[in-house]
Trainee: 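Shown below is the structure under consideration.
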Amino acid sequence: MQSIISRNFLLAMTATIFCSCHHTDNPINKFSDETRMKIADFQDRRQADSLYRYFKHENALYRHDAVLAFGSLQDTSAVDRIGTVLLTDPDAEVRHVAAFALGQLQHPACERFLLDALEKEAATYVTVEILHAYGKTTSEWKVDPSIYLEDTTTAAGVAWSIYRAGLRGKANADANAVARDLLKPDFSQDTRLGAAHFFARGARDFQEFEKELIASAREDHSAEVRMAAALSLGKIHSDSALAALKGIIKNDTDARVLTNSVRALGSFPYPEVKHYLYEALNHQDVNVEIAASEQIVSMLSEDDWIEVSSLTNLVANWRVQANLYEASLKAGQNRDLAQEIKDRYGKAADPHQKAALLGSLKHYPQAYLFVHGELLKADTAIIRSAAASTLVGMNQSRQFEVTLRTAFAKIYQELIQSQDDPAVLGTIASALSDSSLGFREILQDPSFLYDARRKLLLPEHNESLQSIEAAIAHFEKRKGNATVENNFNHSISWELVRRIPGDQRAIIRTSRGNIIIRFFVNESPGSVANFVALAQENYFDNKAVHRVVPNFVIQDGCKRGDGWGSENYSIRSEFSPRRYRTGSVGMASAGKDTEGTQWFITHSPTPHLDGRYTIFAEVIEGMRVVDFIQVGDKILDVEVENSEAR
């Protein structure tokens, strides 16, 4: 465990490194201004009262920063003050961030300010932000689109406004019709992308627009639009939608479009799509293979499990193989197949492969003693957490027999009493807090959970503590959500921040090749300083990429290699109007203000993350490397570039 004191010492030393490299009086980022730094520090410390004083400051930059801070604070008591700024401030940049902040608050009272602002706003880019925020807050989307569609920029705002409302179930049939029109090729890519994402994620009852969505999925010149439109076809259960998906899988050359098309097949009867899934298992892009195997897990019927089990020896990727094993056991219980998995597990060397094979046994509860034994003798955190997750998965499998409940209850109590691994404690506690599993009736004395709670520390073990507290509340028959408050514990090193250029870059060297990123220090100073300090410490060196979701993200920065690892500090979330695009670099978290060492890179636009996860950098070279990276690949090192140092 790394103490906060040692972290502060590290930050100071890193700042010294930057100091020695920059001999200039010219400001290199906005925090050379003492007042802007002070405002950012108030934001970091969540001191709303100290920020209000700047709302009417004569300097528009200070008003801008103070209002923007509430996009991260998300203090709903500020609605009226921010709404007033939106309607009255003379500076467009200030009004822009005021609109963003209101959208972040997502309070019903925001809607009236936003509608009033739409009527009077003259700046196009501010209008777009107001439309975004309106979609996040409205009780029902009912904007007159004709006012905005003649302008390319505001048309995109309408599309994304509908998307934001759709995510919240607040888009009606009229919104569907507007979004349909925005798919037309004479609108900008950003407009079409917003409309396509709306149909993929938020729209309901839009079968009448099948023709337009098929055309978009097949013909749009943007792969990003095609991939979203293809996903939407899975929500239209028609023969023509299925035929279109089959054609896309056969003819499209972009792996991301194929990945989403394969996922969309999950909405159709398995016999009608299985051969397309089987063919995708041997695609030249492994992400397509993984997506196909995941669909088979969710769809496989008892009639086909033998056929799928025979494919396990024909695929090269261990993750695909483990998924096929899982699908086969889920659909058809077979002792010989379970033994085959155990044998392959024993021969595997890579801990991530072993973890995946263990996970494939979650639908074969009869293997619980084997999994339990592997947990007890595991010498890596990856295996321990995978074994715990598999045991809990067995409880949730339809193959789980009630007669096994007492045996599992005994194992869980013993593990919580004997284990110090926070992932094991947190995972098992999630099963104990599940009222449908009935463990409270067997383990009536919750004292072992109190002992487990004492083993864990905030903020390092936040996720595990949340799970333990939920289990305790369940055993004590307390109503309401049990929460653990993760208090402010790590201030930003402004000395370091002020030495980071606004265009600072870093090279992430991986076992697949190099990725170059550019930081957004002006927008996310705490996150950038945290990453830079960790990189200077060589923290990321030789750490495995522990999570890859095809066409979504790759994730790294976990010291354990299983996603449960962090250090004994956390940093604040820093939200800005910036959107998640292809190659955005964000901070992973277990909820607001719980970020630490883990970060991710997006494969494609992921707008559902906007305003919920800090964006602190972007990929400027090496997206092909990002697309090829798989679980278990290594980050060799991270070099924070500095031309003057060289």
Side-chain angles (χ1 to χ4, degrees), residues 26-105 110 113 117 121 123 125-126 128-130 132-133 488 490-504 519-530 571-579 587 592-593 595 610-611 613-617:
N26 295 325
I28 59 176
N29 64 50
K30 74 178 188 180
F31 301 108
S32 59
D33 184 322
E34 292 284 345
T35 301
R36 302 191 84 177
M37 183 184 72
K38 184 183 296 185
I39 292 171
D41 196 56
F42 288 145
Q43 172 185 323
D44 189 52
R45 297 175 185 277
R46 302 301 190 239
Q47 295 177 353
D49 290 344
S50 297
L51 290 165
Y52 288 135
R53 73 182 74 165
Y54 297 100
F55 274 32
K56 296 184 179 181
H57 198 283
E58 62 181 9
N59 189 325
L61 294 177
Y62 302 162
R63 300 199 304 274
H64 170 279
D65 290 0
V67 173
L68 176 59
F70 283 86
S72 297
L73 270 67
Q74 297 175 315
D75 182 350
T76 56
S77 67
V79 169
D80 288 342
R81 298 189 197 209
I82 298 172
T84 301
V85 171
L86 175 63
L87 294 173
T88 63
D89 198 281
D91 189 274
E93 290 287 346
V94 178
R95 299 196 302 275
H96 177 247
V97 296
F100 169 72
L102 287 178
Q104 287 291 99
L105 299 183
C110 296
F113 287 109
E121 183 56 57
Y125 73 100
V126 179
V128 169
E129 195 62 50
I130 294 171
H132 272 273
F488 179 70
H490 185 73
S491 58
I492 296 174
S493 170
W494 293 109
E495 178 65 23
L496 171 57
V497 169
R498 294 174 72 175
R499 297 295 176 176
I500 301 175
D503 60 351
Q504 179 68 59
F519 295 110
F520 302 133
V521 66
N522 285 326
E523 299 171 17
S524 308
S527 303
V528 171
N530 177 63
I571 63 174
R572 299 294 205 181
S573 304
E574 297 172 307
F575 303 132
S576 75
R578 188 175 293 276
R579 320 292 184 202
M587 290 299 301
K592 186 169 173 286
D593 296 337
E595 294 86 344
D610 293 348
Y613 292 84
T614 302
I615 305 175
F616 70 95

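Only a predicted model underlies this, so the values are computations on that prediction, with no experimental measurement involved.
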Trainee: If you measure from CG on Leu105 to OG1 on Thr76, what distance do you get to the nearest 0.5 Å?
Mentor: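 Interatomic distance, Leu105 CG to Thr76 OG1, rounded to 0.5 Å: 7.0 Å.
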Trainee: Sub-3.5 Å donor-acceptor pair from the side chain of Glu121 to the main-chain atoms of Ala123, do we have one?
Mentor: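 Checked: pair present.
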Trainee: Looking just at side-chain N and O atoms, do Tyr54 and Asn59 make a donor-acceptor pair shorter than 3.5 Å?
Mentor: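 No, no side-chain donor-acceptor contact under 3.5 Å.
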Trainee: Using the test side-chain contact (heavy atoms from CB on, under 4.5 Å), find all partners of Glu34 that sit at least two apart in sequence or belong to another chain.
Mentor: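 For Glu34, the residues satisfying side-chain contact (heavy atoms from CB on, under 4.5 Å) (neighbours in sequence not counted) are Met37, Arg498.
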Trainee: Taking all heavy atoms of Ala133 and all of Ala99, pick out the closest pair and write down the distance.
Mentor: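 Closest heavy-atom pair between Ala133 and Ala99: CB-O, 3.2 Å.
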Trainee: Below 4.5 Å, heavy atoms only, C-beta onward: do Phe488 and Arg572 meet side chain to side chain?
Mentor: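 Yes - at least one pair of side-chain heavy atoms lies under 4.5 Å apart.
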Trainee: If you apply the rule side chain to side chain contact (heavy atoms under 4.5 Å, CB included), what do you find for Val497 with Ile492, and how did you get there?
Mentor: CA-CA 8 Å; Val497 169; Ile492 296 174; 3.6 Å; yes
Trainee: I'd like to know whether Arg45 forms a side chain to side chain contact (heavy atoms under 4.5 Å, CB included) with Asp41, so could you lay out the CA-CA distance, the side-chain angles of the two residues, the decisive distance to 0.1 Å, and finally the verdict.
Mentor: CA-CA 6 Å; Arg45 297 175 185 277; Asp41 196 56; 2.9 Å; yes
Trainee: Check whether the side chains of Ser527 and Glu574 place a donor and an acceptor atom closer than 3.5 Å, and report yes or no.
Mentor: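 Distance-only check passes for Ser527 and Glu574.
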Trainee: If you measure from CH2 on Trp494 to CZ on Phe31, what distance do you get to the nearest 0.5 Å?
Mentor: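 Result: 4.5 Å between the selected atoms.
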Trainee: Any ring-ring contact (aromatic ring centres under 6.0 Å, His included) pairs touching residues 82-102, not counting sequence neighbours?
Mentor: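 Sorted result for residues 82-102: His96-Tyr125.
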Trainee: Quick check: closest heavy atoms across Ser72 and Gln43, and the distance to 0.1 Å?
Mentor: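 Minimum heavy-atom separation between Ser72 and Gln43: OG-NE2, 3.5 Å.
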Trainee: For Tyr52, which residues count as a ring-ring contact (aromatic ring centres under 6.0 Å, His included) partner, sequence neighbours excluded?
Mentor: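 For Tyr52, the residues satisfying ring-ring contact (aromatic ring centres under 6.0 Å, His included) (neighbours in sequence not counted) are Phe55, Phe70.
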Trainee: Is the backbone N or O of Ile500 less than 3.5 Å from a side-chain atom of Asn29, with the two atoms forming a donor-acceptor pair by type?
Mentor: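 At least one qualifying donor-acceptor pair exists.
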Trainee: So for atom NZ, which belongs to Lys592, do other residues, nucleotides or ligands contribute more than 12 heavy atoms lying within a distance under 6.0 Å?
Mentor: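 Yes, NZ of Lys592 has more than 12 neighbouring heavy atoms, counting only those of other groups under 6.0 Å.
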Trainee: Could you walk me through whether Tyr62 and Asp33 satisfy the side chain to side chain contact (heavy atoms under 4.5 Å, CB included) test, starting with their C-alpha distance in whole Å, then the side-chain angles of each, then the deciding distance to 0.1 Å, before giving a yes or no?
Mentor: CA-CA 10 Å; Tyr62 302 162; Asp33 184 322; 2.9 Å; yes
Trainee: Could you grab the distance from atom CD1 of Ile39 to atom OG of Ser50, nearest 0.5 Å is fine?
Mentor: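 Between atom CD1 of Ile39 and atom OG of Ser50 there are 10.5 Å.
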Trainee: Residues in side-chain contact (heavy atoms from CB on, under 4.5 Å) with Asp89, at least two apart?
Mentor: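 Partners of Asp89 by the side-chain contact (heavy atoms from CB on, under 4.5 Å) criterion, ordered by chain and then number, come out as Arg63, Val85, Asp91, Val94, Arg95.
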Trainee: How many angstroms lie between atom CD1 of Ile571 and atom CG of Asp593, to the nearest 0.5 angstrom?
Mentor: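 Reported to 0.5 Å precision, the distance equals 9.5 Å.
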Trainee: Between Arg578 and Asp610 (salt bridge meaning N to carboxylate O under 4.0 Å), is one present in this structure?
Mentor: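 Between Asp610 and Arg578 there is no salt bridge, as every charged N stays at least 4.0 Å from the carboxylate O atoms.
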Trainee: Might you point out which heavy atoms bring Arg46 and Ser573 nearest each other, and give the distance in Å?
Mentor: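 Heavy-atom minimum between the residues: NH2-O, 3.0 Å.
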Trainee: Give the minimum heavy-atom separation between Ala101 and Gly71, together with the two atoms involved.
Mentor: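 Nearest pair, atom of Ala101 first, then Gly71: CB-N, 4.0 Å.
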Trainee: Taking all atoms of both residues into account, what is the closest heavy-atom pair of Ala529 and Leu496, and its distance?
Mentor: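 Heavy-atom minimum between the residues: O-CD2, 3.6 Å.
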Trainee: Is any side-chain heavy atom of Asp503 closer than 4.5 Å to one of Val521?
Mentor: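 Side chain of Val521 against side chain of Asp503, heavy atoms only: no contact under 4.5 Å found.
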Trainee: Test of understanding: with side chain to side chain donor-acceptor pair (under 3.5 Å), list the residues that count as partners of Arg36, not counting sequence neighbours.
Mentor: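 So Arg36 forms a side chain to side chain donor-acceptor pair (under 3.5 Å) with Asp65.
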Trainee: So which heavy atom on Leu51 is nearest to which on Ala69, and how close?
Mentor: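 Looking at all heavy atoms of both residues, the shortest contact is CD1-CB, 3.7 Å.
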Trainee: Between Asn530 and Met587, is the side chain to side chain contact (heavy atoms under 4.5 Å, CB included) condition met? List the steps.
Mentor: CA-CA 10 Å; Asn530 177 63; Met587 290 299 301; 4.1 Å; yes
Trainee: Are Ile130 and Val126 side-chain neighbours, meaning at least one heavy-atom pair lies under 4.5 Å?
Mentor: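 Contact flag for Ile130/Val126 side chains = yes.
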Trainee: Holding to side chain to side chain donor-acceptor pair (under 3.5 Å), I want the full list of residues that pass it with Ser77, two or more places apart in sequence or in another chain.
Mentor: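 By the side chain to side chain donor-acceptor pair (under 3.5 Å) rule, Ser77 matches Asp75.
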Trainee: Output the distance between atom CZ (Phe575) and atom CD (Gln74), rounded to the nearest 0.5 Å.
Mentor: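 Answer rounded to 0.5 Å: 5.5 Å.
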Trainee: State, yes or no, whether a side-chain contact exists between Asp80 and Phe113 at a heavy-atom distance under 4.5 Å.
Mentor: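 SC-SC contact between Asp80 and Phe113 confirmed.
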Trainee: Roughly how far apart are Lys56 NZ and Thr84 OG1, rounded to 0.5 Å?
Mentor: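 So the gap between those two atoms works out to 8.0 Å.
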